[in-house]
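This structure is a prediction, so every number in the text was calculated from the model and none was measured. Labels below follow one simple rule: chain letters A, B, ... track the order of the sequence lines, proteins then strands, and each chain is numbered from 1. Any value given below was found using the heavy atoms of this structure, including those in side chains, with hydrogens, waters and symmetry copies removed.
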Amino acid sequence: DSGVTQTPKHLITATGQRVTLRCSPRSGDLSVYWYQQSLDQGLQFLIQYYNGEERAKGNILERFSAQQFPDLHSELNLSSLELGDSALYFCASSGGQGWITFGSGTRLTVV
Amino acid sequence: AQSVTQLGSHVSVSEGALVLLRCNYSSSVPPYLFWYVQYPNQGLQLLLKYTSAATLVKGINGFEAEFKKSETSFHLTKPSAHMSDAAEYFCAVSPRSQGNLIFGKGTKLSVKP
């Protein structure tokens with residue numbers, strides 16, 4: 001157990017729908033990162049939050065948004081879903097100094 | 001911009017043989033470098049990381065990596081492969097001014113009995 005908790009583990013939804021992925025970081029970690037892993041794109045950095053504020057943005061689509069709440073948990077919202085959004089979505093957390101710990105991921109299947 | 005290139009999308013070795021997974025990076029500033037392992041249907045587990053201390057970094061499960069600035073490389077090695085090492089391995093770079101990781105495309109390691 002890495003200490004980073006992601007829910008749900010699996011999600012199946014239809015095109016055009018909206019879903020929310022949830023992440024609880026390791027205790028004490030202020031930074032949360034979201035990554036997307038797909039067969040064609042590999043592991044892509046989406047977005048980072050630090051203590052509730054957006055810190056860095058990567059290849060995140062406009063249909064996707066995220067936030068980090070006062071209790072430091074984070075949610076990734078994916079809307080107007082397309083077949084190509086099917087992927088494994090990872091959350092990771094860090095307390096600084098480059099130690100980034102990953103959760104076990106949410107597998108999203110869009111049908 | 002930082003980038004990582006992993007040579008060989010698939011490497012196959014015999015049990016007991018040397019494991020060598022190659023990683024080259026591109027960075028305008030001294031980076032942090034990482035190796036992660038992903039077992040089937042699991043998340044990413046940190047094997048080791050380089051943050052400008054010793055250039056030879058020892059990680060978990062007998063793996064180690066050597067940072068060579070002149071070659072911009074950070075190859076992962078293990079003297080003797082075990083069946084349980086079969087997994088996908090990712091090299092990653094992190095710009096020191098930020099925390100996010102930029103990953104290579106991964107190398108799938110197969111270990112033959």
Do A/Val4 and A/Leu21 share a hydrophobic cluster (ILVMFWY, side-chain heavy atoms under 4.5 Å, transitive)? no
Kindly check if the number of other-residue, nucleotide or ligand heavy atoms within 6.0 Å of CG (B/Leu7) is above 12? yes
CG on A/Leu43 to OH on B/Tyr36, rounded to 0.5 Å: 10.5 Å
Counting only heavy atoms closer than 4.5 Å, note whether A/Gln6 contacts chain B via side chain, backbone, both or neither. neither
Is A/Tyr35 reachable from B/Tyr32 through a run of I, L, V, M, F, W or Y residues, each pair having side-chain heavy atoms under 4.5 Å apart? yes
Cluster overlap A/Phe64 with A/Leu88, hydrophobic side-chain contacts below 4.5 Å: no
Atom of A/Gln48, atom of B/Asn100 and distance for their closest heavy-atom approach: OE1-N, 4.3 Å
Quick check: closest heavy atoms across B/Leu101 and A/Phe102, and the distance to 0.1 Å? CD1-CE1, 3.9 Å
When rounded to the nearest 0.5 Å, the distance separating NE2 of A/His10 from CG of B/Asn41 is 7.5 Å
Spacing of A/Thr101 atom OG1 and B/Leu44 atom CG [to the nearest 0.5 Å]: 11.0 Å
Check the surroundings of atom CD1 in B/Ile60: do more than 12 heavy atoms from other residues, nucleotides or ligands lie under 6.0 Å from it? yes
Segment of A/Tyr50 engaging chain B (4.5 angstrom heavy-atom cut-off): neither
Tightest non-hydrogen contact, residues B/Gln42 and A/Phe90, listed as O-CZ, 4.0 Å
Mind checking whether A/Ile12 and A/Val110 sit in one hydrophobic cluster, side chains of I, L, V, M, F, W, Y counted as touching below 4.5 Å? no
At a heavy-atom separation under 4.5 Å, does B/Gln45 approach chain A through its side chain, its backbone, both, or neither? neither
Please say yes or no: joined through hydrophobic side-chain contacts below 4.5 Å, possibly via intermediate residues, are A/Leu61 and A/Leu108 part of one cluster? yes
